[in-house]
Trainee: 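Below you will find the structure I want to go over with you.
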Amino acid sequence: TAEDGSAYRFYYEPDCCASCDIEDIAGDLGDLLGSPILFAYESSSDPEPTEGHHPRDSYTWTFYRFGTINGTVVVRWLGESNGGYSESVSFEKIPASAER
């Protein structure tokens, strides 16, 4: 939720042959509270998955980095599919009618 009261979310819309889940959060989420976000960006890659992980036909790593004066938080998502479905995370402003 922003200082002006607007709210945002990032999420994955489930599909029959795909999934996308948060694999890891590095940093303290508390560092993002009460301070202006100085930077926020997304990057994606498709390196080999971690040891012991059995991917589907296709996979995408997506990293979201958020920084404030207090620290940086990196949220790592892993999307997997049979190759025919989206593995991307969505980011959107929550419509005012749906905000708390």
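Values in this document were obtained by computation on a predicted structure and should not be read as measured data.
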Trainee: If you group Ile, Leu, Val, Met, Phe, Trp and Tyr by side-chain heavy-atom gaps below 4.5 Å, do V74 and I22 land in one group?
Mentor: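 Hydrophobic grouping puts V74 apart from I22.
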Trainee: If you measure from CH2 on W61 to OG on S43, what distance do you get to the nearest 0.5 Å?
Mentor: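 Going from the CH2 atom of W61 to the OG atom of S43 covers 12.5 Å.
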Trainee: Taking only residues two or more places apart in sequence, or in another chain, which ones meet S88 in a side-chain hydrogen bond (donor to acceptor under 3.5 Å, both in side chains)?
Mentor: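 For S88 there are no side-chain hydrogen bond (donor to acceptor under 3.5 Å, both in side chains) partners, ignoring immediate neighbours.
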Trainee: About how many Å separate CD of E23 and CG of L78, when rounded to the nearest 0.5 Å?
Mentor: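 These two atoms lie 4.5 Å from each other.
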Trainee: Hey, is CD1 on I37 packed in by over 12 heavy atoms from elsewhere, all under 6.0 Å?
Mentor: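 More than 12 heavy atoms, drawn from other residues, nucleotides or ligands, come within 6.0 Å of this atom.
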Trainee: Got C20 and V89 here, is their nearest side-chain heavy-atom distance under 4.5 Å?
Mentor: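 Yes, their side chains come closer than 4.5 Å.
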Trainee: May I ask you to test the F66-F39 pair for a side-chain heavy-atom distance under 4.5 Å?
Mentor: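 Side chain of F66 against side chain of F39, heavy atoms only: no contact under 4.5 Å found.
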Trainee: Kindly write out the residues that satisfy ring-ring contact (aromatic ring centres under 6.0 Å, His included) with Y11, not counting sequence neighbours, or none if the list is empty.
Mentor: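 With neighbours one apart ignored, the set is empty.
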Trainee: Is it true that T68 and D31 share a donor-acceptor pair across their side chains at a distance under 3.5 Å?
Mentor: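 No donor-acceptor contact under 3.5 Å links the two side chains.
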Trainee: Find out whether S19 and E87 are in side-chain contact, i.e. whether some heavy atom of one side chain is under 4.5 Å from a heavy atom of the other.
Mentor: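 S19 vs E87: side chains apart.
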Trainee: Are I25 and F10 connected into the same hydrophobic cluster when the rule is that any two of I, L, V, M, F, W, Y join if their side-chain heavy atoms are below 4.5 Å apart?
Mentor: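 They do share one cluster, since a chain of ILVMFWY contacts under 4.5 Å joins F10 to I25.
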Trainee: If you group Ile, Leu, Val, Met, Phe, Trp and Tyr whenever their side-chain heavy atoms sit less than 4.5 Å apart, what else falls in with L33?
Mentor: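 Cluster partners of L33: none, it stands alone.
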Trainee: Within a strict 4.5 Å, meaning less than it, do heavy atoms of the E42 and T62 side chains meet?
Mentor: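 Yes, at least one pair of side-chain atoms sits under 4.5 Å.
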Trainee: Rounded to the nearest 0.5 Å, what's the gap from CD1 on I69 to OG on S35? Could you check?
Mentor: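 One gets 7.0 Å once the value is rounded to the nearest 0.5 Å.
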Trainee: Check the hydrophobic clustering (I, L, V, M, F, W, Y; side-chain heavy atoms under 4.5 Å; chains of links allowed) and say if Y64 and L29 are grouped together.
Mentor: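 As far as the 4.5 Å side-chain criterion goes, L29 and Y64 are connected within one cluster.
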Trainee: Could you check whether Y8 and F91 have their ring centres less than 6.0 Å apart?
Mentor: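 Between Y8 and F91, which both carry aromatic rings, the centre distance is below 6.0 Å.
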Trainee: Could you grab the distance from atom OG1 of T72 to atom CG of D28, nearest 0.5 Å is fine?
Mentor: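 CG of D28 is found 11.5 Å from OG1 of T72.
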Trainee: Taking the six-membered ring for Trp, is the centroid-to-centroid distance between W77 and F63 below 6.0 Å?
Mentor: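 So the answer is no for these two rings.
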Trainee: Looking only at atom types and distance, does a side-chain atom of D4 sit under 3.5 Å from a main-chain N or O of S6, one as donor and one as acceptor?
Mentor: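 Side chain of D4 to backbone of S6: a pair is present.
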